[in-house]
Student: 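Below is one structure. I have some questions about it.
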Amino acid sequence: MRPPSKSQFALVDGNNFYVACERVFNPLLENKPVVVLSNNDGCVVARSQEAKDLGIRMGIPFFEVKHLIQSHNLLWFSSNYTLYGDMSARLMSLLGEFSPHQEVYSIDECFLDFGGMTRDPIAYAQAIRKKTKRYLGLPTCVGIGSSKTLAKLANHIAKKRPSYSGVFDWGACDNLSADSLMAQIQVGEVWGVGRRLNQQLQAMQIRTVRDLKYAEASLIRKQFGVVLERTVAELNGVPCLALEDTQSAGNIRKQQIISSKSFGKPIQHIQELREAVVSYTVRAAEKLRQQNSMCTHISVYIRTNPFSQKNPPYSNSITLPLILSSNDSRRLSQLVCVGLEQIYRPNYFYKKAGVMLLGIHPENQFQGNLFEPNHLQSRQQQARSQILMKTIDQLNQTYGQSTLMLAGAGLYAHWRMQAKQRSPNYTTAWNQLAQAQAN
DNA sequence: TCTGGGGTCCTAGGACCC
DNA sequence: TCTGGGGTCCTAGGACCC
């Protein structure tokens, strides 16, 4: 029996998204095993179907599959987030036309509100797929269900079972066949069941999606908390998670902003670490200003390579409060350097550092400092800082990133990460388009 | 040689208050 | 000597997601 709820969600997800983006501009990649790597060319983060068929697992370190380049003509790319981000924006804007409400959930997927739809949802979803393929060259799959969790699961089925032609709708399926389908899917595939929960559920003989759907809610609540209890309700068609409308782009304000990266090679000296964390801070502060916010705390961390056998491990972090909220790159960088001094230990080989902005609030809720001897002066400084930062942002936007930067970020940046095979920015830079043609 | 980066939410426990 | 109960707020840490 279907629940009385009228809510319907569709989850549209790009297939092998990063690989698909590369293929749009390079048709020679079609029908070949292709992978896209994480930053620093570290791990495999996207695989074409052919690469999956070679047994390349998601997240596997690249060096473990490098031999397939020779033996199976595996093709690989460094990640090009400028390209994927731009393609994503186009995809989301196109998908947004298909529903009054859209939640952009990640770079390659979004929920659409299918509630109260009078048309045949499957035909409608097929129309969506056709349009994204024709306009953007991107293949997608669509899952439809009365809760977000069911829509995610439906999308999984649409992807794994070609017989559904890329669209699966729980509504087209009676209870009995829905249950038997769920009995064929591992519980770990459910949205919200990660590695840890999977292990614990297995131990309780909850092995398939169907097992979880019919697990006793009170028991789940007691053992695992409200989050999984909600998941169980959602599997039963009771929507607990609302669609968070992100269609009007301005309303997403991040609660924390992180900028962190591994280094191309390990570094030892504090001066180089300082350059790295200052440049991350500048990047984070830019993001902060982009959403018209300020922060009250900043946190910095450093760590050695945890996989290294020969060097001793060390990692540490520190969170420092700002006396006055700020989004000024200079002030934040100063504080980050103070923090770095406190956690830095000599004689270690550092592999990664990061900066986190916390206590984020809108710019216009600026709190003056009561104890500031000259309150008015601090207001004026604040205003000048805003103007300077806006100017820097504009210049960098117009003339390219790092046109203007803090000297502390370092001019040479020997620690910068590796990206040996990045594709051109086909959609965002005229000069790189020309380069693509020449190739 | 080579192992990503950027987020969210929830909970437990301590500090502090009356 | 004896030392309550209930509330809020904050932070750290753990789980999850892509």
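Here is how names work: the chains are called A, B, and so on, in the same order as the sequence lines, proteins then strands, and each is numbered from 1. The structure presented is a predicted model; accordingly, all values stated were derived computationally and were not measured.
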Student: In whole angstrom, give the distance that lies between atom CZ of A/Arg303 and atom C1' of B/dG5.
Tutor: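 Result: 11 Å.
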
Student: What's A/Asp41 touching, base or sugar-phosphate or nothing? Going by heavy atoms closer than 4.0 Å.
Tutor: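 The answer is nothing, as A/Asp41 stays clear of every strand by at least 4.0 Å.
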
Student: Kindly assign one of parallel, tilted or perpendicular to the pair A/Tyr84 and A/Phe17, based on the angle between their ring planes and the thresholds 30° and 60°.
Tutor: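 The arrangement is perpendicular - the two ring planes meet at more than 60°.
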
Student: Does DNA chain C take part in any stems of at least 3 consecutive Watson-Crick or G-U pairs (both distances under 3.5 Å), and if so, which ones?
Tutor: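 Stems for DNA chain C, defined as runs of 3 or more consecutive pairs: B:5-18 with C:5-18.
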
Student: Expressed as a whole number of angstroms, how long is the span from A/Ile107:CD1 to B/dG5:C1'?
Tutor: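 Taking atom C1' of B/dG5 as the reference, CD1 of A/Ile107 is at 12 Å.
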
Student: Please give, in whole Å, the distance from B/dT8 P to A/Glu244 CD?
Tutor: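 Nearest whole value for this atom pair: 11 Å.
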
Student: Can you tell me which residue pairs pass the side-chain hydrogen bond (donor to acceptor under 3.5 Å, both in side chains) test with a partner in residues 345-354 of chain A, sequence neighbours excluded?
Tutor: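 For residues 345-354 of chain A, and leaving out neighbouring residues, there are no side-chain hydrogen bond (donor to acceptor under 3.5 Å, both in side chains) pairs at all.
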
Student: In whole Å, I'd like the distance from the CD atom of A/Gln255 to the P atom of B/dC10.
Tutor: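 Atom CD in A/Gln255 sits about 11 Å away from atom P in B/dC10.
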
Student: Among A/Lys52, A/Gln49, A/Arg23, find the residue that satisfies the side chain to side chain donor-acceptor pair (under 3.5 Å) test when tested with A/Asn16.
Tutor: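 Single pass found, and it is A/Lys52.
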
Student: Going by atom types alone, do A/Gln271 and A/Arg274 pair a side-chain donor with an acceptor below 3.5 Å?
Tutor: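 Present: a donor and an acceptor within the cut-off.
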
Student: Please give, in whole Å, the distance from B/dT8 P to A/Lys254 NZ?
Tutor: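 Nearest whole value for this atom pair: 7 Å.
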
Student: Nearest whole angstrom, please: distance from the C1' of B/dG6 to the CE of A/Met356.
Tutor: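 Value for this atom pair: 10 Å.
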
Student: Tell me: CZ of A/Arg230 to P of B/dT8, nearest whole Å?
Tutor: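 Interatomic distance, CZ of A/Arg230 to P of B/dT8: 16 Å.
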
Student: Do you see a donor-acceptor pair shorter than 3.5 Å between the side chains of A/Thr231 and A/Glu234?
Tutor: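 No - no donor-acceptor pair under 3.5 Å links their side chains.
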
Student: Provide, to the nearest angstrom, the distance between the CZ atom belonging to A/Phe307 and the C1' atom belonging to B/dG4.
Tutor: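 My rounded result for the distance is 10 Å.
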
Student: Check every strand shown and say whether A/Lys351 touches a base, only sugar-phosphate, or nothing at a heavy-atom separation below 4.0 Å.
Tutor: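 Answer is sugar-phosphate: A/Lys351 comes under 4.0 Å of backbone atoms only.
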
Student: Strictly under 4.0 angstrom, non-hydrogen atoms only: write out the protein contact profile of nucleotides 12-17 of chain C, one letter per nucleotide from the 5' end, B, S or -.
Tutor: ---SSS

Student: When all nucleic acid strands are considered with a 4.0 Å heavy-atom cut-off, which category describes A/Asn39: base, sugar-phosphate, or nothing?
Tutor: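 Answer is sugar-phosphate: A/Asn39 comes under 4.0 Å of backbone atoms only.
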
